[in-house]
There are 2 protein chains.
Amino acid sequence: MRVLVAGGAGFIGRHLCRELIHAGHRVVCVDNFSLGTRAGIEPLMSVKAFGLYEADITDRERLEQIFEVEEPEYIFQMAANSDIRASAANPDVEYRNTYSTTYELLNCMRKYHVKNLFFASTSAVYGDKRGVVLDENTPDLSPISYYGAAKLGCEALVSAYSYMNDIHSLVFRFPNVIGPGLTHGVIFDFIQKLGINPSRLEILGNGRQTKPYIFIEDLTDAILRFMITPASGVALYNVGVSGETSVTAIADMLCEEMGLTDVVYQYTGGEGGWRGDVPRFCYSADKIHKAGWSARYTSDEAVRKTIRGVLGERNVCL
Amino acid sequence: MRVLVAGGAGFIGRHLCRELIHAGHRVVCVDNFSLGTRAGIEPLMSVKAFGLYEADITDRERLEQIFEVEEPEYIFQMAANSDIRASAANPDVEYRNTYSTTYELLNCMRKYHVKNLFFASTSAVYGDKRGVVLDENTPDLSPISYYGAAKLGCEALVSAYSYMNDIHSLVFRFPNVIGPGLTHGVIFDFIQKLGINPSRLEILGNGRQTKPYIFIEDLTDAILRFMITPASGVALYNVGVSGETSVTAIADMLCEEMGLTDVVYQYTGGEGGWRGDVPRFCYSADKIHKAGWSARYTSDEAVRKTIRGVLGERNVCL
């Protein structure tokens with residue numbers, strides 16, 4: 001199939017492009033390199049089934065040209081701001097990079113009659129619902145971050161555009177996604193910090209923030225498994241894993257893997273890492289399990305594999 | 001209090017401006033007259049407590065100037081596309097007039113530390129959930145119109161901005177709002193059509209579309225009653241009325257009030273009036289009832305009063 005991956009040079013996007021190519025698809029990546037990098041997709045550049053457009057998805061004229069030339073049959077919307085902390089200081093980033101990119105893609109799908117969509121959503125749409133096991137029917141979605149708000153707005157757009165234009169949409173609400181090639185997030189931050197000073201580690205919040213982490217290979221496996229949705233309309237899934245991992249547990253695993261002992265943890269205090277951070281959430285994966293898929297790695301295993309992967313990359317680079 | 005009514009020249013906005021002035025507030029109306037009209041707010045122009053800015057709310061620089069000069073303490077976001085049929089053909093209208101206006105207002109509230117918001121939402125956020133009595137905890141909101149999608153996106157923005165900036169927000173999900181000064185909708189359309197040809201009436205759909213209609217005075221009464229929300233965060237209410245009214249029942253009442261007999265109804269057929277129209281919905285008003293408010297008029301009474309009001313206006317005008 002001819003597929004277009006918006007944001008295909010980002011952390012998740014580049015893994016997805018690779019897996020789509022392996023599965024036999026012709027992949028066109030559209031990215032403005034605001035967060036994604038050329039280096040990230042360098043290994044794909046020589047592959048015949050891969051094409052790249054450096055373009056901003058909110059540039060309607062340019063996006064329409066790409067749809068006209070490439071005639072994609074399936075759109076993967078992976079373009080978004082992915083740094084929630086950054087947009088807390090500047091919500092325009094979410095309006096532009098998360099909401100408006102989705103809006104423009106849907107408009108092109110409407111105009112060029114593209115009927116298949118994958119949309120990357122997030123646990124952040126739920127807001128702070130401690131004590132609730134979040135499933136797809138949890139009511140009263142109340143995002144507390146600009147990121148979660150923009151993504152929920154996108155889900156609403158996907159719902160209406162799917163209905164109005166007979167689009168088949170697959171929406172996954174991701175937990176934290178990690179793996180080799182990480183560009184930000186707690187593991188990335190900790191490795192940076194310990195690289196500068198291996199004797200002490202600043203930890204945002206009280207370290208008890210506890211979330212499920214999914215390994216990137218599990219995520220792309222689920223996307224490829226479900227990308228052809230049999231029914232029309234929107235199919236929505238929480239992509240859950242077994243277990244959750246606390247921030248302090250991540251620090252412990254990292255110190256162990258780096259061979260560091262006696263690292264002093266300095267907590268900034270408070271329940272969340274920053275305002276808009278949901279300090280704890282717990283996913284029900286019942287729906288996707290019933291549909292025949294489950295993650296290969298637990299949350300702790302995903303963290304461990306990621307740490308090893310990222311440390312390995314750095315050893316190779318340095 | 002110094003209040004700013006965005007979209008204050010529209011059908012609901014102008015009634016709200018009047019009632020806010022009656023209640024002793026200083027009202028600044030901001031409207032670009034895309035749907036609202038100067039004629040609609042003419043009666044307020046000589047009132048000392050009323051001020052008007054002709055401005056587009058998506059013009060950030062201009063909006064910031066207004067916030068700086070007027071220093072509003074309370075924002076009423078009534079600016080939106082209100083013609084759902086129109087935006088079905090051109091979703092840009094919703095992106096610009098519904099979503100982006102809300103986004104820019106919230107950004108100004110964030111920048112200028114305005115802590116009180118009323119947001120006009122809609123039953124359209126639920127989507128087509130026939131057989132379900134819709135309450136504030138109904139899960140799986142799946143809008144089927146671009147209008148409903150934009151409004152749900154706005155609710156998500158209100159949630160995050162309220163949390164991040166300690167804003168107190170009151171969100172009402174309106175059913176159909178009707179009353180004197182209507183600018184569109186089924187009653188307006190029918191009166192136009194029968195004015196041209198009083199012997200036959202084209203009715204979109206099968207006429208069995210059945211919805212609750214609220215009289216404008218009831219709506220503004222509820223807004224003024226709840227505008228000072230005691231708790232922080234977001235207070236969300238379905239603003240329900242007793243009963244619902246079918247489209248054919250509206251036609252019957254209108255013919256009766258106009259003294260027309262033997263009008264031939266010509267149905268265009270289908271369940272909804274147009275694609276994206278929710279043909280039937282039923283609201284639970286339990287939450288707002290428990291909070292001590294209920295509508296004075298039933299849905300049928302609201303329709304009857306509106307017909308009489310609108311016909312009266314036309315007789316005066318002609």
Side-chain angles (χ1 to χ4, degrees), chain A residues 58 60 84 87-92 94-96 98-100 102-104 106-107 110-111 124-128 135-166 169 171 233-234 236 272 274-278, chain B residues 58 60 84 87-92 94-96 98-100 102-104 106-107 110-111 124-128 135-166 169 171 233-234 236 272 274-278:
Chain A
T58 60
R60 184 173 292 186
I84 310 187
S87 67
N90 179 18
D92 280 343
E94 299 298 347
Y95 176 76
R96 199 174 180 298
T98 303
Y99 189 82
S100 299
T102 303
Y103 176 70
E104 293 298 341
L106 286 165
N107 273 333
R110 175 174 178 264
K111 180 166 181 179
V125 301
Y126 291 102
D128 187 355
D135 68 32
E136 296 81 354
N137 272 313
T138 298
D140 184 28
L141 306 190
S142 306
I144 63 170
S145 65
Y146 303 125
Y147 172 75
K151 284 285 190 183
L152 183 53
C154 291
E155 284 195 10
L157 289 174
V158 169
S159 172
Y161 275 78
S162 298
Y163 176 85
M164 291 291 285
N165 305 285
D166 300 316
S169 296
V171 176
V234 179
L236 170 73
W274 57 91
R275 199 167 196 182
D277 182 30
V278 175
Chain B
T58 60
R60 182 173 292 185
I84 311 187
S87 67
N90 180 16
D92 280 342
E94 300 298 348
Y95 176 75
R96 199 173 181 297
T98 304
Y99 188 82
S100 299
T102 303
Y103 176 70
E104 293 298 341
L106 286 166
N107 274 332
R110 175 174 178 265
K111 180 167 181 180
V125 300
Y126 291 102
D128 187 355
D135 68 31
E136 295 81 354
N137 272 313
T138 298
D140 185 27
L141 306 189
S142 306
I144 63 170
S145 65
Y146 302 126
Y147 172 75
K151 284 285 191 184
L152 183 52
C154 291
E155 284 195 10
L157 290 174
V158 169
S159 173
Y161 275 79
S162 297
Y163 176 85
M164 291 291 284
N165 306 284
D166 299 315
S169 296
V171 177
V234 179
L236 171 73
W274 58 90
R275 197 165 199 183
D277 183 30
V278 176

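To find a chain, count down the sequence lines: A is the first, B the second, and so on, and within it residues start at 1.
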Asker: Would you please name every residue forming a side chain to side chain donor-acceptor pair (under 3.5 Å) with B/Asp140, sequence neighbours left out?
Answerer: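 B/Asp140: side chain to side chain donor-acceptor pair (under 3.5 Å) contacts with B/Ser142.
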Asker: Identify which part of B/Tyr103 has an atom lying under 4.5 Å from any heavy atom of chain A, answering side chain, backbone, both or neither.
Answerer: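 Contact with chain A: side chain only.
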Asker: Any side-chain to backbone donor/acceptor pair from A/Arg275 onto B/Tyr163? Under 3.5 Å, distance only.
Answerer: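 Side chain of A/Arg275 to backbone of B/Tyr163: a pair is present.
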Asker: Could you have a look at B/Val158, B/Leu157, B/Leu106, B/Asp92 and say which one has the most heavy-atom pairs with chain A under 4.5 angstrom?
Answerer: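 Max contact count across the listed options: B/Asp92.
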Asker: For B/Asn107, is it the side chain, the backbone, both, or neither that has a heavy atom closer than 4.5 Å to a heavy atom of chain A?
Answerer: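 For B/Asn107, side-chain heavy atoms alone lie under 4.5 Å from chain A.
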Asker: May I ask you to name which of A/Ala149, A/Cys154, A/Ser145, A/Ala150 has the most heavy-atom pairs under 4.5 Å with chain B?
Answerer: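 Sorted descending by pairs with chain B, the first entry is A/Ala149.
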Asker: Heavy atoms, side chains only, cut-off 4.5 Å: are A/Arg110 and B/Pro91 in contact?
Answerer: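 Yes - at least one pair of side-chain heavy atoms lies under 4.5 Å apart.
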Asker: What closest approach, in Å, do A/Asn137 and B/Pro139 show between heavy atoms, and which atom pair accounts for it?
Answerer: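 Scanning both residues, the minimum pair turns out to be O-CB, 3.0 Å.
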Asker: Counting heavy-atom pairs under 4.5 Å with chain A, which one of B/Ala156, B/Gly276, B/Gly153 comes out on top?
Answerer: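 The answer is B/Ala156.
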Asker: Which bit of B/Ser100 comes within less than 4.5 Å of chain A, counting heavy atoms only: side chain, backbone, both or neither?
Answerer: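 Both backbone and side chain of B/Ser100 come within 4.5 Å of chain A.
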Asker: Minimum heavy-atom separation for B/Pro143 and A/Ser159, please, with both atom names.
Answerer: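 That closest heavy-atom pairing would be O-OG, 2.7 Å.
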Asker: For A/Glu94, which residues count as a salt bridge (Lys or Arg N to Asp or Glu O under 4.0 Å) partner, sequence neighbours excluded?
Answerer: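 Listed in chain order: nothing, the list is empty.
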Asker: Could you tell me whether A/Tyr99 and B/Tyr99 have their ring centroids closer than 6.0 angstrom?
Answerer: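 Close enough - the centres of the two rings lie under 6.0 Å apart.
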Asker: Could you tell me which portion of B/Asp135 (side chain, backbone, both or neither) has an atom closer than 4.5 angstrom to a non-hydrogen atom of chain A?
Answerer: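 Looking at B/Asp135, nothing touches chain A.
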